[in-house]
Structure formats: C-alpha cells, structure tokens
Amino acid sequence: MPAGELRYPSPPENSTTEISAANDEEWLWSQIKAEARRDAESEPALASYLYSTILSHSSLERSLSFHLGNKLCSSTLLSTLLYDLFLNTFASDPALRAATVSDLRAARVRDPACVSYSHCLLNYKGFLACQAHRVAHKLWTQLRRPLALALHSRISDVFAVDIHPAARIGKGILFDHATGVVIGETAVIGNNVSILHHVTLGGTGKACGDRHPKIGDGVLIGAGATILGNVKIGEDAKIGAGSVVLIDVPPRTTAVGNPARLVGGKEKPTTNE
Amino acid sequence: MPAGELRYPSPPENSTTEISAANDEEWLWSQIKAEARRDAESEPALASYLYSTILSHSSLERSLSFHLGNKLCSSTLLSTLLYDLFLNTFASDPALRAATVSDLRAARVRDPACVSYSHCLLNYKGFLACQAHRVAHKLWTQLRRPLALALHSRISDVFAVDIHPAARIGKGILFDHATGVVIGETAVIGNNVSILHHVTLGGTGKACGDRHPKIGDGVLIGAGATILGNVKIGEDAKIGAGSVVLIDVPPRTTAVGNPARLVGGKEKPTTNE
Amino acid sequence: MPAGELRYPSPPENSTTEISAANDEEWLWSQIKAEARRDAESEPALASYLYSTILSHSSLERSLSFHLGNKLCSSTLLSTLLYDLFLNTFASDPALRAATVSDLRAARVRDPACVSYSHCLLNYKGFLACQAHRVAHKLWTQLRRPLALALHSRISDVFAVDIHPAARIGKGILFDHATGVVIGETAVIGNNVSILHHVTLGGTGKACGDRHPKIGDGVLIGAGATILGNVKIGEDAKIGAGSVVLIDVPPRTTAVGNPARLVGGKEKPTTNE
C-alpha cells in the first residue's frame with residue numbers, strides 16, 4: 001500500500017485573507033502550471049494532454065473553459081460554443097473566478113486523496129460539474145433558461161452530477177467523488193460545504209415552489225445521504241452516510257440513520273422517529 | 001431564488017381520451033416545434049442545436065431517433081446505424097410512439113421542474129433512456145438479443161440508467177433525474193409509475209428465473225429505494241426514499257425504512273421487521 | 001416474459017486447475033470469437049461492430065485494449081495512446097491477463113443475466129472499469145501517478161465507477177451493474193468478491209493514512225451498501241443492500257441495516273447499534 005501520498009507544496013496559511021483575490025488566482029495558476037510542467041516531464045505520455053489542457057493557456061479561466069468545453073460538448077452542442085460561453089462568463093465575473101479558486105483549495109485541503117491543484121482541475125468531476133453549474137446558474141439568473149437547461153443536461157450526462165441551474169451554491173465547495181449527486185431547483189448551499197457522492201437534496205413530492213433543503217456553511221454530508229423537503233441543515237452540522245433526513249438539523253449537530261435522528265453535538269441529542 | 005417557473009401552455013384536460021393517439025402525437029409535435037422556435041429566437045446560441053435536434057425533422061419519431069442516435073453512438077456503434085434502428089422501430093409500432101407521448105406528458109405534469117415538452121425531449125436522460133429501452137425491449141422480444149444487449153450497454157454507459165432489455169415497462173413513466181437506476185431482467189412496471197434516481201428493482205441473489213419486482217400502476221418510488229426479489233408493489237403504493245423493500249406492499253400503502261415497514265394507507269399499518 | 005436465457009455452453013468444470021493459465025486464456029478467447037461469429041451471423045447490423053471489437057484481433061488482450069482505448073479516450077487523451085498503454089501493460093504481465101480471465105468467468109457463473117463471455121467483454125461496464133483499474137493500479141505502483149490518476153478520472157467519467165488507482169483488487173471479481181461504485185485509496189479487496197452497484201468502500205472522514213475497508217475473499221456486497229473506515233469484512237461474509245457498515249464483520253456472517261447489525265451466519269448473531 002503506498003504509504004506516502006504524492007503531494008505538491010501547500011499554499012501559505014491564511015493567504016486568502018492577506019492577498020487580493022486576483023493575486024490569489026495568479027498564485028494558484030502559477031502553481032498549476034508548475035505542477036503540469038513537472039508531470040509532463042516525468043510522464044511524456046501525458047505531455048501533449050497537459051499542454052492542450054493547461055500549459056498552452058494564459059490563465060486559469062482559459063484552461064478551465066477549454067477543459068469544460070471539451071468534456072461537455074457533443075456532436076450537436078459544439079465545444080467552441082461552450083468554450084466561448086464559459087470564457088465570457090468567467091471573464092466577466094470575478095466572483096465566479098474567486099469561487100473556482102476557493103473550490104480548488106477546498107479539494108486540496110479537505111480531500112486526503114487530492115495530490116495537487118492540477119489533479120483537481122483536470123480530474124475531479126465534482127469540481128468540474130460545480131464550475132459548469134455556476135455558469136449555468138448565471139445563465140439562469142439572466143433568464144437564458146433554455147441554454148442553462150441544455151448545459152445542465154450535459155453536466156448530468158457527462159459527470160452524472162445533476163444540479164438544477166436555479167440551485168444556489170456558495171464557495172469553497174467539495175463535491176467528493178460526486179457520482180449521482182442530485183440537487184433540486186430551490187436548494188441553497190452555503191460556503192465551505194463538503195458533499196459526498198450519491199447525495200440528494202430533493203423534494204418530498206408533496207410541495208411546489210420552495211421545496212428543497214437549505215444547507216448552512218461548513219456542513220458535511222456523507223455518501224448516499226438523502227435530504228428531502230424545505231428543511232434547514234444548520235452550520236457545521238454533519239449528516240451521516242446513508243441517512244434519510246426529513247427534519248431540520250441544528251447547527252453543529254450530527255444526524256444519522258433512516259429516518260435520521262440527531263445524535264449529539266452542541267444541542268442535546270434527541271430522537272426523532 | 002427564481003419564484004416563477006418558465007412554463008409553456010399545458011394541453012387541454014382529458015385531451016387523450018377525446019382525440020386519437022395520432023392526433024395527440026401530432027398536437028404534441030406541433031407544441032415541441034413551437035417551443036423550439038421560441039427558444040431559438042430568444043437564444044441564438046442554441047439555434048443550430050435546436051435546428052439539428054428538432055426543427056429540421058418532420059416528426060417526433062424522427063427527432064427522437066436522431067437525438068438518441070447521436071447520444072448513444074460510439075466510434076464502433078455508428079449514429080447512422082442507431083438512427084435507422086430507432087426510426088424503423090418507432091415507425092412500425094404505434095404503441096411505442098403512444099408510450100413516448102404518454103411519457104412526455106407524465107414528465108410535464110408530474111415534475112415541477114419540467115418547463116416544456118422540448119425540454120424533456122432534449123434534456124431528460126430518464127426520458128431518453130426509457131425510449132431507448134423500449135426499442136431494446138422490442139429487439140429482445142424479436143430474439144435480436146445481441147443487438148438489444150449492445151443497446152442496453154450504451155444506455156447504461158451514456159445515461160447511467162441500467163434497464164435490462166427484457167424488463168417490461170408500461171407507459172406514462174417518469175424517471176426523474178434517473179442517474180443510477182437499475183432494473184433487472186424479470187422486472188415488470190405498470191403504467192403511470194414515477195421512479196426517482198438511484199432506484200434498484202433487483203434480485204436477492206438467491207433465486208434464478210422470475211426474480212425481480214412487479215410494480216403496479218401509479219406507484220411512486222422515492223430516491224435511492226432498493227426493492228429486491230419477486231415482490232409485488234400494489235397500485236398507487238408509495239415507497240419512501242432510501243427504503244429497502246423485501247416484501248409485498250399492498251395497494252395504496254406507503255413503505256419506508258430499512259428494512260421497510262408499512263406505515264399507512266388503505267390497509268392497516270403493519271410493522272415488518 | 002422471456003423464460004429461457006440465451007446462454008452459450010459453459011466451460012468444463014475445474015478447467016482452471018487442470019490446464020495452464022495460458023491455455024485457459026486461449027480457450028476463453030476461442031469461445032469469445034466463436035460467440036462473436038455467431039452473433040455477427042445472426043445480426044448483420046452488429047457485424048461491423050463485432051469485427052472491429054473482437055474478430056479483427058489476434059488475442060483477448062488486444063481486443064480488450066482496443067475496446068478500452070475506444071471507450072476511455074477523449075479529444076485530449078487519444079485512443080491510440082490508451083491502446084498502447086493497455087496493450088503494453090497486459091502483454092507484460094501474465095497476472096493481469098489471468099485476472100481478466102478470472103473476472104470473465106466470475107460474471108458468467110455468478111450473474112444470471114450474463115449470457116456469454118463476449119457479452120461481458122463488450123458490455124459490462126463493471127468488468128471494463130475493473131480491467132482499466134488494474135492497469136491504473138500497475139501505473140500507480142510504478143510511480144507513474146499522474147497517468148494513473150488521468151486514467152482513474154476517465155474511468156469515473158465514462159463508467160461512473162470510481163476506484164482509486166492505489167486500491168488493491170484481487171481476481172474473480174464481479175462488479176454487477178457497477179454504476180456509482182466508489183472505492184477509496186487504501187481499500188483492499190480479496191478474490192472472488194461480488195460487488196453490486198452504488199457500493200461505497202470509503203473513509204469516515206476522521207482518519208488519514210490507512211482509512212478504507214478490507215474485504216475478504218468470497219464476500220458479497222449488496223446494492224447501495226456503504227462500508228466506511230478501516231474495517232475488516234471477513235471471508236464469505238454478506239453485506240445486505242442499503243446497509244451502512246462501520247464495524248468489522250466476522251467471516252461467513254451477514255450484516256444488514258443502517259447502522260448494520262450482524263444477523264447470523266457462523267458467529268452468534270449480535271446486535272450492534
């Protein structure tokens with residue numbers, strides 16, 4: 001079993017608060033290029049791949065737009081159209097680019113299997129699906145809904161990640177493994193949330209309108225958890241793998257089981273069945 | 001949060017009983033074309049996509065066959081072969097076309113996030129997987145099993161929806177989100193059934209032959225539910241999200257939990273553990 | 001309902017112990033070619049597909065390498081590069097080829113829906129993901145990690161099967177349906193293990209280093225089961241569908257439920273909640 005993990009140097013602590021977002025992006029992009037150059041040297045079979053996806057681009061947003069366009073295109077939805085769409089959206093919205101940077105850091109810090117920023121940028125379908133969703137969400141808010149829905153559909157086909165373009169998602173998000181994630185139209189996700197694969201933020205089927213969960217900052221949702229209805233998961237709460245949650249979960253509290261019961265944390269443990 | 005949903009006009013009530021299936025298909029196809037024209041006008045970036053997938057075709061079956069062929073083709077299984085296969089099958093079987101129409105109506109009526117028929121036709125992988133399955137099933141019953149299995153495999157790869165070609169499925173079916181659905185060889189699904197993502201209709205591993213669930217008309221199966229064995233889910237029953245069901249569920253009854261217990265409905269609630 | 005399943009003749013009993021691995025591979029390859037010839041004759045629409053994937057190749061490893069290269073390639077990771085990579089790895093490692101043969105037999109014997117070896121070779125995404133993983137794992141152990149991770153990413157995108165390249169997997173493995181399987185970095189799987197779809201062998205999120213399950217020989221893990229942490233599942237144990245397992249499971253014991261409790265087998269049944 002490989003004991004040590006292949007890791008590139010981590011960024012200095014608290015760097016995000018000390019330097020501007022633009023400098024932060026610049027620093028990260030220089031790291032990514034350095035990683036890609038090292039990998040291309042050690043693995044000539046990947047040199048052409050790394051050149052086309054990273055090293056030939058002049059910025060993180062261009063590299064990401066190219067990579068997403070290639071992944072999400074089809075014979076009827078061309079990669080050039082998608083590339084332009086992604087690039088124009090990222091280029092015109094610094095908040096989107098800051099969210100990308102924040103997501104890359106989240107994967108690097110929270111996922112022990114994430115060995116480098118370039119590894120996340122190129123290989124994490126949860127990361128890629130989330131960036132594409134941010135663009136789809138922006139289109140949705142601009143009332144370009146048919147295009148938002150076409151993009152949503154491609155993300156679901158290609159990454160098996162199904163996030164309705166109306167769903168609002170914060171930054172510093174880690175979708176780990178990501179396969180099978182489903183997030184409904186009126187769901188809201190805060191900042192620094194970690195969501196494992198097969199997680200559903202869905203409706204109960206009984207309501208229309210605002211019918212999906214609201215997830216607070218810092219929440220961790222385990223693999224296969226299903227959270228249904230317009231319930232509130234408080235900040236820093238933990239939802240156990242395989243849980244079925246139909247109730248509010250207070251901040252800093254853990255919920256487990258099917259149906260989920262609260263099992264500790266700041267609030268007094270309570271059984272809810 | 002977008003309050004209102006983008007919706008096109010609904011069809012008149014009871015239209016299916018009042019007009020013939022052919023007229024029904026005709027009406028729906030004219031709606032789809034009108035929606036596509038509107039979307040192409042409002043979103044020039046999609047005009048070419050909408051022309052190639054919808055507006056250039058003379059019928060719903062041609063549009064659907066083209067779209068499925070494009071989605072399911074590979075470098076060794078060509079889109080032209082698949083297009084001919086789909087078109088010949090749909091063209092020769094009015095019951096298949098009526099099922100397509102019925103499925104489109106089901107998505108539009110039952111899914112609050114479905115904004116138009118064309119949205120479903122183009123973007124719902126559950127809808128597309130189901131239509132392709134109907135063709136695979138027809139090939140299976142015609143003893144063209146290697147071709148049925150090749151198609152099955154492509155549907156599973158492309159949509160992450162794994163329906164054995166022998167499984168029999170009624171009409172008016174909504175596979176919502178659809179990622180991860182697995183339906184076994186001897187499963188039977190009635191009419192007007194709604195099945196969420198990650199649902200398994202599987203075997204227990206202990207039996208050969210007829211070993212998969214039988215799902216009655218009007219059943220709703222929640223996200224992540226696992227129903228195993230040759231059990232009978234009665235009409236209009238509801239299966240809760242994340243349930244593991246190894247027993248018969250009477251009509252109009254709800255089953256929840258792992259293992260599932262019956263919790264109300266017409267029949268007296270019973271605990272089954 | 002089609003009563004009989006389409007099946008080709010099974011191999012003679014105990015053939016693996018009586019003839020050498022090379023002969024075994026030879027015998028299987030001749031079977032696969034015979035099956036493909038029969039299918040091509042009965043279904044001319046598939047003749048070209050079967051020729052390019054099976055009949056034009058001189059060995060099982062060439063056919064498999066071609067098929068995997070075609071499935072896993074992208075516009076930036078070319079099929080020729082992948083084909084060479086797979087072929088060189090299989091050609092240089094008889095143990096990998098023996099594992100492939102063993103996996104094909106496992107699918108044929110254990111899955112009632114598996115009608116032929118060629119059906120598994122061409123259509124089972126669990127089989128294909130597992131073979132590609134073995135190559136990624138070999139690259140990982142050779143410290144060619146960026147390439148291993150690129151391959152891992154493609155397997156996850158294309159098959160929705162996410163096996164970390166460091167995970168060690170035995171032979172005679174059946175990944176049935178396979179969609180949504182996630183296997184972590186330090187997981188170890190023995191021989192003759194059957195794993196259904198949506199199964200997670202993950203971490204609890206509390207540990208670094210050796211943090212994933214160890215699965216003994218002959219274990220069966222049902223659909224949607226989630227096994228978390230560095231726990232040991234003893235040989236021939238059974239894990240029920242939808243279970244959430246956070247504890248060791250003794251050999252020949254069954255665990256079911258969320259959280260899982262032990263319900264029989266050789267060891268005295270114990271409740272663990």
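The analysis underlying the following values was restricted to heavy atoms, covering all of them including side chains, and did not include hydrogens, waters or symmetry mates.
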Practice task
Sort C:Ser74 into side chain, backbone, both or neither according to what part of it lies under 4.5 angstrom from a heavy atom of chain A.
Solution key: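 For C:Ser74, neither part sits under 4.5 Å from chain A.
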
Practice task
Sort C:Thr226 into side chain, backbone, both or neither according to what part of it lies under 4.5 angstrom from a heavy atom of chain A.
Solution key: side chain

For the residue pair [X] and [Y], what are the closest heavy atoms and their distance?
X        : Y        : answer
A:Pro112 : C:Glu185 : O-OE1, 4.4 Å
A:Lys125 : C:Ala160 : NZ-CA, 4.1 Å
A:Gly242 : C:Val244 : CA-CG2, 4.1 Å
C:Leu228 : A:Ala241 : CD1-CB, 3.6 Å
A:Ser52  : C:Thr76  : OG-CG2, 3.5 Å

So do [Y] and [X] actually touch side chain to side chain, heavy atoms under 4.5 Å?
X        : Y        : answer
A:Tyr49  : C:Leu81  : no
C:Leu147 : A:Asp39  : no
A:His197 : C:Asp162 : no

Practice task
Heavy atoms only, distances under 4.5 angstrom: which of C:Thr200, C:Val158, C:Asp157 has the most pairs with chain A? Name it, please.
Solution key: C:Asp157

Is the [atom1] atom of [X] crowded by more than 12 outside heavy atoms at less than 6.0 Å?
X        : atom1 : result
A:Lys33  : NZ    : yes
A:Arg110 : CZ    : yes
C:Lys71  : NZ    : yes

Problem - Rounded distance (nearest 0.5 Å) linking atom CG of C:Leu149 with atom CD of A:Glu43 - result: 11.0 Å

Practice task
Look up atom NE2 in A:His119 and atom NE2 in C:His152, then write down how far apart they are to the nearest 0.5 Å.
Solution key: 7.5 Å

Looking at [options], which one has more heavy-atom pairs under 4.5 Å with chain C than the rest?
options                               : result
A:Thr53, A:Thr179, A:Asn123, A:Val256 : A:Asn123
A:Cys73, A:Ala45, A:Ser42, A:Ala178   : A:Ala45
A:Asn70, A:Leu196, A:Leu50, A:Leu122  : A:Asn70

Exercise for the section: Could you tell me whether the side chain of A:His198 and the main chain of C:Gly180 form a donor-acceptor pair under 3.5 Å? Expected result: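 Judged by distance alone, yes, a pair lies under 3.5 Å.
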
